Amino acid sequence: MRDLVRTRRRWLVALLGLMLVAASCAADDGASDTAASAMAEAQAAESDAGVALADAQAAAAKAREAQAAADTAAAAAALAQATAEGNQAAVAQAEADLAAAQAAAESARADAAAAQAEADDAAAAAAAAVEAAEAQTAAPAPPPAEDTERVLVVGVPGDIETLDTCCANFIRAHEALELVYEPPVLHRTVEQNGALIGAAGDLMPRYFESWEAHEDGLTYTIKVRPGVLFDDGTEVTAETVRFMTERNLNTPGGANWLLRNIAFIQEPPEVLDKYTLRFTSSEASPMVMEHFYMTSSAIIDPKVILENATEDDPWAMEYFSRNVDNASGPFRLVSRIPDQEVVFEARENYSFEPQAYDRIIWKIIPSNAERVQLLKAGVIDVAIALGTEDFAALEGAEGVNVQRFPSKNLAYMGMGNRIAPFDDKTVRQAVSYAVDYDDILNNVYKGEAQRLYGPIAPGSYSSLGDSIGYRRDVAKAQELLDGSSYDGSPVVLSIDAAKGEHELIAVRIQSHLADIGMDVEIEKLASPVYAERKVGENRMQMFIDEGLPWIDDPNYTLSVFLLSGVFGNYTQYVNERVDQIINEGWGILDREERARTFEEAQRIIVDDAPWVFLALPDYKIAMRDTVEGFVLYPNAIPRLAGLRPAE
């Protein structure tokens with residue numbers, strides 16, 4: 001954390017330097033009073049910012065102190081338990097854990113004391129600077145120059161995993177790619193209950209100017225918009241799109257999977273003229289055009305690929321994983337300090353709407369608590385990826401707006417369908433009846449979530465909503481469990497340790513299942529370990545997870561999460577009839593017929609209970625009240641380029 005604070009201080013010192021230069025220039029022009037005023041205000045502003053940063057550091061240190069104290073208490077409890085049980089090996093391990101926790105607590109207390117002292121010093125310096133500023137002169141500050149740079153500072157929890165459109169699998173990568181590469185289509189913005197959303201299924205042109213679906217259900221003729229430029233002035237043409245599609249079909253990433261398994265495009269399109277091309281699918285799909293809104297279809301420059309290709313890497317994947325070269329989107333990437341900062345700069349020759357900001361600066365701040373403190377202090381303008389407790393800490397904060405949107409993000413508890421006792425459907429049904437869903441909605445999500453009843457989110461055109469699903473019925477759960485193969489052994493519920501909400505859910509489910517005599521042990525795993533356990537050999541018995549379908553369609557949702565054998569089917573659920581419905585559903589293009597077809601699949605899945613269907617948590621984002629224009633798109637990836645200064 002000290003390195004992070006030092007980095008931010010350098011940034012603030014640079015800002016102070018600019019203000020001092022402005023003051024000196026004013027003095028050169030003979031405006032000595034104005035210069036003195038600007039100098040004093042700059043010193044006061046720098047001191048105020050120092051206070052904010054020091055306060056944030058102190059708060060984060062106190063949070064570490066509290067966590068260390070909790071770890072110490074947990075280790076002491078484990079030692080007491082092990083001693084009571086007479087397990088000498090466990091006693092030795094618990095003693096070691098307690099010693100380590102006590103050392104961590106002592107270190108955290110020292111950090112907190114040092115941080116608080118630094119905050120006190122900064123506050124005193126700020127008070128002195130303000131007093132000096134008031135004494136200097138009462139002259140008003142000069143009006144800002146008309147060419148003042150507009151900068152948006154965004155606090156993000158982690159760095160960018162890859163900068164290659166073909167192979168982005170994580171949110172930070174998608175957030176960055178949407179700044180620097182242009183997609184062919186995007187969802188039209190509509191207002192819903194006072195919030196701006198991208199309307200699912202309602203596409204508007206970007207570098208695709210128009211498209212026509214042919215009667216065969218397989219062929220699409222697409223016109224590329226003339227005059228769309230890369231950063232160096234090179235124009236995007238039909239050949240650019242053909243080359244990009246060929247690359248996506250020959251690289252092992254999400255772009256390949258979407259083309260081949262969602263759009264059923266197995267070959268690059270045919271170029272008809274400079275701006276016209278024809279895509280042909282091997283099978284009918286209602287999602288050919290819809291899939292193009294994703295970052296995997298954002299356009300990159302073929303000549304850059306060819307310049308950086310090698311014999312072992314013919315599509316320049318290694319180069320593009322680390323570089324943005326000749327951007328097509330609204331911004332170019334101009335600098336990147338790993339795990340600290342990424343700077344994006346507005347392109348002068350961008351082909352679409354003008355950018356509201358000259359630069360967007362990402363500050364990489366892993367601690368949620370620190371992002372909250374810096375947002376409150378006005379050091380950052382937007383805080384990405386906060387949790388429920390963080391938003392609670394922002395409630396009533398001056399100058400901060402929290403925007404809230406209904407979401408189709410599926411929160412569920414998965415049960416390993418090939419792992420005892422959850423290889424028994426009756427056990428899974430018993431668990432589904434035992435869970436108190438209202439308890440989770442009210443006490444974990446604080447009412448900021450909807451109930452999920454089945455695999456398709458309510459509000460989707462094919463969802464059966466609350467006509468299906470489980471409600472808490474302890475007597476029914478006990479009856480099912482007593483008649484099942486469950487032998488009374490403890491079961492393990494695994495969670496990603498980085499997700500605080502999931503731990504809160506796990507603790508409540510542990511209590512719910514205790515009511516029917518099922519002993520649940522909670523296993524907290526580091527994020528990489530949790531991710532590996534979802535798909536590796538050592539699968540988890542039970543786990544809390546979330547999944548957001550990026551296309552609002554039953555084929556897409558079920559194909560990603562519940563089709564047998566697919567990567568995202570983490571519970572290893574198999575039902576031959578469900579597979580048959582999914583596979584036959586692709587050829588049904590009529591929306592009403594599709595809804596009827598997938599009604600059966602939803603009822604089968606709910607009866608099989610591979611998941612405990614929990615909730616649809618609201619999407620929330622926190623910004624300073626000086627920023628507006630946020631739109632929630634179906635994939636819930638923040639399009640930061642669309643933000644603008646509040647009017």
Side-chain angles (χ1 to χ4, degrees), residues 165 174 177-192 196-214 217-231 233-245 248 255 258-259 262-263 265 268-281 285-302 326-331 346-347 349-356 550-553 556 589 629 631-635 637-644:
T165 57
H174 289 291
L177 290 170
E178 289 187 345
L179 285 168
V180 295
Y181 293 122
E182 189 68 25
V185 296
L186 195 60
H187 294 94
R188 198 175 306 279
T189 300
V190 298
E191 186 172 336
Q192 187 177 88
L196 299 176
I197 65 167
D202 186 4
L203 298 175
M204 64 178 185
R206 299 298 288 177
Y207 74 75
F208 283 179
E209 184 175 53
S210 64
W211 50 90
E212 177 189 359
H214 293 230
L218 302 175
T219 309
Y220 293 78
T221 298
I222 293 173
K223 293 280 190 180
V224 174
R225 183 188 300 274
V228 176
L229 305 178
F230 288 104
D231 205 9
T234 301
E235 188 178 26
V236 175
T237 65
E239 173 56 28
T240 314
V241 179
R242 188 210 66 79
F243 187 94
M244 178 78 175
T245 308
N248 285 345
L258 286 165
L259 281 168
I262 299 299
I265 293 171
E270 177 187 1
V271 174
L272 303 181
D273 61 39
K274 184 175 182 180
Y275 299 113
T276 311
L277 59 154
R278 180 184 295 137
F279 281 93
T280 303
S281 300
S285 169
M287 285 169 276
V288 171
M289 293 308 303
E290 186 82 12
H291 103 280
F292 280 122
Y293 93 90
M294 300 192 193
T295 49
S296 57
S297 296
I299 200 74
I300 59 179
D301 187 356
N326 210 17
S328 59
F331 289 80
R347 287 179 51 210
N349 62 342
Y350 180 51
S351 305
F352 297 90
E353 61 280 345
Q355 306 92 323
W550 284 12
I551 297 177
D552 184 13
D553 185 272
Y556 183 87
L589 302 183
V631 179
L632 181 67
Y633 289 93
N635 60 8
I637 295 172
R639 292 186 63 85
L640 299 171
L643 298 180
R644 60 182 181 268

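Everything numeric here is computed off the predicted structure, so don't read it as measured data. For the single chain, residues carry numbers from 1 onward in sequence order.
- No side-chain heavy atom of F243 sits less than 4.5 Å from a side-chain heavy atom of T237.
- Ring geometry, F279 versus F208: the interplanar angle falls from 30° to 60°, so the pair is classed tilted.
- For the atom pair CZ of F292 and CG of L258, the computed distance is 10.5 Å after rounding to the nearest 0.5 Å.
- Once rounded to the nearest 0.5 Å, the distance linking OG1 of T276 with NZ of K223 reads 3.0 Å.
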Practice prompt. May I have the step-by-step check of side chain to side chain contact (heavy atoms under 4.5 Å, CB included) for M294 and I551, ending in yes or no?
Written response: CA-CA 10 Å; M294 300 192 193; I551 297 177; 3.5 Å; yes
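- Looking only at distances, no side-chain donor or acceptor of T219 sits under 3.5 Å from a matching main-chain atom of H214.
- By the 4.0 Å N-to-carboxylate-O rule, R225 lies too far from E182 to be salt-bridged with it.
- Atoms CH2 and OH, from W550 and Y556 in turn, are 7.0 Å apart once rounded to the nearest 0.5 Å.
- Two residues are said to be in side-chain contact when any heavy atoms from C-beta on lie closer than 4.5 Å; T189 and Y633 meet this criterion.
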Fill in: Steps toward side chain to side chain contact (heavy atoms under 4.5 Å, CB included) verdict (W211, V288)
CA-CA 11 Å; W211 50 90; V288 171; over 6 Å; no
Worksheet entry | Stepwise side chain to side chain contact (heavy atoms under 4.5 Å, CB included) check, H174 with N635 | CA-CA 10 Å; H174 289 291; N635 60 8; over 6 Å; no
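- Using modelled atom types, one side-chain atom of S285 and one backbone atom of I262 make a donor-acceptor pair closer than 3.5 Å.
- Taken to the nearest 0.5 Å, the CG atom of N248 stands 6.0 Å off from the OG1 atom of T165.
- Here the closest heavy-atom approach between residue L179 and residue P330 is recorded as O-CD, 3.2 Å.
- Counting heavy atoms from C-beta on, the side chains of L259 and H291 come closer than 4.5 Å.
- Rounding to the nearest 0.5 Å places CG of L272 at 13.0 Å from CZ of R242.
- Panel note: side chain T221, backbone E212; no donor-acceptor pair is recorded below 3.5 Å.
- What you find for L203 and R188 is that their closest heavy atoms are O-NH2, 3.4 Å.
- Taking each heavy atom of V224 and V236 in turn, the nearest pair found is CG1-O, 3.8 Å.
- Using modelled atom types, one side-chain atom of Q355 and one backbone atom of R347 make a donor-acceptor pair closer than 3.5 Å.
- A donor-acceptor contact shorter than 3.5 Å is absent between the side chain of S297 and the backbone of P183.
- Judged purely by atom type and a 3.5 angstrom limit, D552 has no side-chain atom pairing as donor or acceptor with the backbone of G201.
- Interatomic distance, CG of N349 versus CZ of F230, reported as 11.5 Å (0.5 Å rounding).
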Worksheet entry | side chain to side chain contact (heavy atoms under 4.5 Å, CB included) between I265 and S281, intermediate numbers included | CA-CA 5 Å; I265 293 171; S281 300; 3.8 Å; yes
Discussion item. Quick one, R639 with E178, criterion salt bridge (Lys or Arg N to Asp or Glu O under 4.0 Å). Give me CA distance, side-chain angles, the key distance, then yes/no.
Written reply: CA-CA 6 Å; R639 292 186 63 85; E178 289 187 345; 3.6 Å; yes
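- Shown here for A200 and H187, the closest heavy-atom pair between the two residues is CA-CD2, 3.9 Å.
- Side-chain contact between V185 and M204 is absent, with no heavy-atom pair separated by less than 4.5 Å.
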Worksheet item: Could you go step by step and tell me if E353 and R206 meet the salt bridge (Lys or Arg N to Asp or Glu O under 4.0 Å) rule?
Response: CA-CA 11 Å; E353 61 280 345; R206 299 298 288 177; 3.0 Å; yes
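- Looking only at side-chain heavy atoms (C-beta outward), T240 and P302 come within less than 4.5 Å of each other.
- In terms of heavy-atom proximity, M244 sits nearest to S296 at CE-O, 3.7 Å.
- A donor-acceptor distance shorter than 3.5 angstrom exists from the side chain of N326 to the backbone of D231, with no hydrogens or angles considered.
- When every heavy atom of P269 is checked against every heavy atom of L277, the shortest pair comes out as CG-CD1, 3.4 Å.
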